[in-house]
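Reviewing the structure listed below.
Because the structure is a prediction, the values reported are computed rather than measured.
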Amino acid sequence: MQPDVSSIPDVSFVIAAYNAETTLDRAIASAIAQKGVSVEIIVVDDKSRDATLDVARAYPGDIVRVIALPSNRGPGGARNAGLDAARGRWIAVLDSDDAVFPGRLARMIARAESADAQIAVDNLQVVREDGVIEDAMFPRQYLEGLREISLATYIAGNVVFESKFNLGYLKPIFQREFLNENRLRYDEKLRIGEDYILFAAALAKGGKCVVAPDIGYAYHIRSVSISRVLELHHVEAMRRADAVFAQTHRMDEAAQAAFARRGRSLRKAASFLSLVQHIKARSPLKAIRTALSDPAAVRHMGMPIAVRLRRMAAQFAVGAGR
């Protein structure tokens, strides 16, 4: 039996929520406020330890569908549960501490469908934790110049600590049929970088991505957000995911070159974070070995760490001479 097309919403908002009781209402309200499109809102509670689930269930079931996961699956796993339940023609992932502006989805869908594209992105408004509104994340002229994002462009915009404009912050909408036909889902092993891998895989599968330069997404900076704290195990997981990506997807010459640059940047990041761990643990020999094995990491990541390392090495030398 074929589904009733009239009952299929234009957009499925997928909101993965973990300990988001203070911000979830804002995200849900912004999804409800969309103009010119029909929406369904799916909140996936990732086994929160606060009242997140109660906040989500306070809405009528015909407005907000709630999925309560029996165990914590991380951001990728929670979003996958939402993707599997979604019925909309388009998927819009909305972080539980962010918001979208009322005309965003109508504008993005119109732009994508007029270009026969399966992916669309727009600009973001950065909002500080104290509520102060900062500039748009990307200069409008930069996005206007892009028009479309290729796989090579996207990878080049995700070279860790080197990209002038980090395209990993973009919040794409995806055509749901395209995701399902290509079996595209988030990598649940990643806690940081899962957005990048899904977006890159969609482009590698032939997805066309158009760019709307207008601001449609309010990105709220939170000091406790996992995306604000990059640790060594995150980088190592990203390197493993990239290795799988290279084995799974074909890349043209430009994409391969960008991929190689990204790989080098991840290696430097791993060396730097390993170095920092050794310094914090007051392990001078290990720190010095790490620096010597990849001195580019120290030069690349900035002088304060290099100065601190030299001081530690000098102290260690004095101590060894006693």
Side-chain angles (χ1 to χ4, degrees), residues 11 13-37 39 41-46 48 50-52 55-56 58-59 64 75-76 78-79 82 90-109 111 120-144 146 149 157-158 160-161 163-174 191-196 198-199 211-230 234:
V11 183
F13 276 98
V14 173
I15 305 175
Y18 176 70
N19 292 347
E21 63 178 359
T22 61
T23 61
L24 183 57
D25 274 323
R26 178 178 62 206
I28 292 174
S30 72
I32 293 173
Q34 288 301 294
K35 299 182 182 299
V37 290
V39 304
I41 301 167
I42 302 170
V43 173
V44 183
D45 178 65
D46 197 18
S48 296
D50 64 2
T52 295
V55 172
Y59 290 86
V64 176
R79 289 172 184 161
W90 289 86
I91 300 287
V93 171
L94 173 59
D95 289 349
S96 60
D97 51 358
D98 292 337
V100 287
F101 295 115
R104 183 192 191 227
L105 271 299
R107 181 173 60 248
M108 293 178 77
I109 290 173
R111 194 179 191 95
V121 296
D122 60 355
N123 212 340
L124 299 87
Q125 180 72 69
V126 179
V127 183
R128 289 192 341 211
E129 196 166 16
D130 59 6
V132 173
I133 297 175
E134 296 189 345
D135 293 336
M137 184 170 288
F138 302 98
R140 183 182 178 90
Q141 59 270 28
Y142 169 70
L143 294 184
E144 287 177 337
L146 279 181
I149 295 179
N158 281 275
V160 181
F161 300 141
S163 305
K164 182 177 181 181
F165 300 114
N166 190 336
L167 300 184
Y169 283 105
L170 291 171
K171 301 294 184 179
I173 65 169
F174 296 99
R191 295 288 174 132
I192 287 182
E194 74 283 356
D195 295 306
Y196 162 79
L198 179 66
F199 198 159
V211 180
D214 302 300
I215 294 173
Y217 192 102
Y219 177 78
H220 290 256
I221 297 175
R222 296 177 63 206
S223 58
V224 297
S225 171
I226 189 172
S227 64
R228 305 286 296 171
V229 183
L230 187 65
H234 295 138

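The closest donor-acceptor contact from the side chain of Asp98 to the backbone of His220 lies under 3.5 Å.
Take Asn158 and apply the side-chain contact (heavy atoms from CB on, under 4.5 Å) test, not counting sequence neighbours, and it matches Tyr154, Asn166, Leu167, Tyr196, Arg262. Residues passing the side-chain hydrogen bond (donor to acceptor under 3.5 Å, both in side chains) test with Arg140, sequence neighbours excluded: Glu144, Asp214.
Residue Ile109 comes nearest to Val37 through the heavy atom pair CD1-CG1, 4.2 Å, listed as atom of the first residue, atom of the second, then distance. The two residues Ser48 and Ala17 come nearest to each other via the heavy atoms OG-O, 3.5 Å. Taking both residues in full, the closest heavy atoms of Arg104 and Ile173 are given as NH1-CG2, 4.2 Å, listed atom of the first, atom of the second, then distance. For Ser30 against Ala99, the heavy-atom pair with the smallest separation is OG-CA, 3.5 Å. The two residues Asp46 and Tyr18 come nearest to each other via the heavy atoms O-CD1, 3.2 Å. What you find for Asp50 and Ala20 is that their closest heavy atoms are OD2-N, 3.4 Å.
To the nearest 0.5 Å, atom CG of residue Asn19 and atom CG of residue Asp45 are 8.5 Å apart. Note that CD1 of Ile221 and CD of Glu134 are 5.0 Å apart. Values are rounded to the nearest 0.5 Å.
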Residue pair Asp97, Arg26: steps toward the side chain to side chain contact (heavy atoms under 4.5 Å, CB included) verdict: CA-CA 8 Å; Asp97 51 358; Arg26 178 178 62 206; 4.3 Å; yes
Step by step, would you call Phe138 with Leu146 a side chain to side chain contact (heavy atoms under 4.5 Å, CB included)? CA-CA 11 Å; Phe138 302 98; Leu146 279 181; over 6 Å; no
Evaluate Asp195 against Arg79 for side chain to side chain contact (heavy atoms under 4.5 Å, CB included), listing each step before the verdict. CA-CA 10 Å; Asp195 295 306; Arg79 289 172 184 161; 2.7 Å; yes
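Annotation: side chain of Tyr59 is in contact with side chain of Asp25 (closest heavy-atom distance under 4.5 Å). Side-chain contact between Leu105 and Trp90 is absent, with no heavy-atom pair separated by less than 4.5 Å.
Residue Leu143 forms a side-chain contact (heavy atoms from CB on, under 4.5 Å) with just one option from Ile215, Ile149, Asn123, and that option is Asn123. Under the side-chain contact (heavy atoms from CB on, under 4.5 Å) rule, Gln125 has a single partner from Tyr219, Tyr217, Phe101, which is Phe101.
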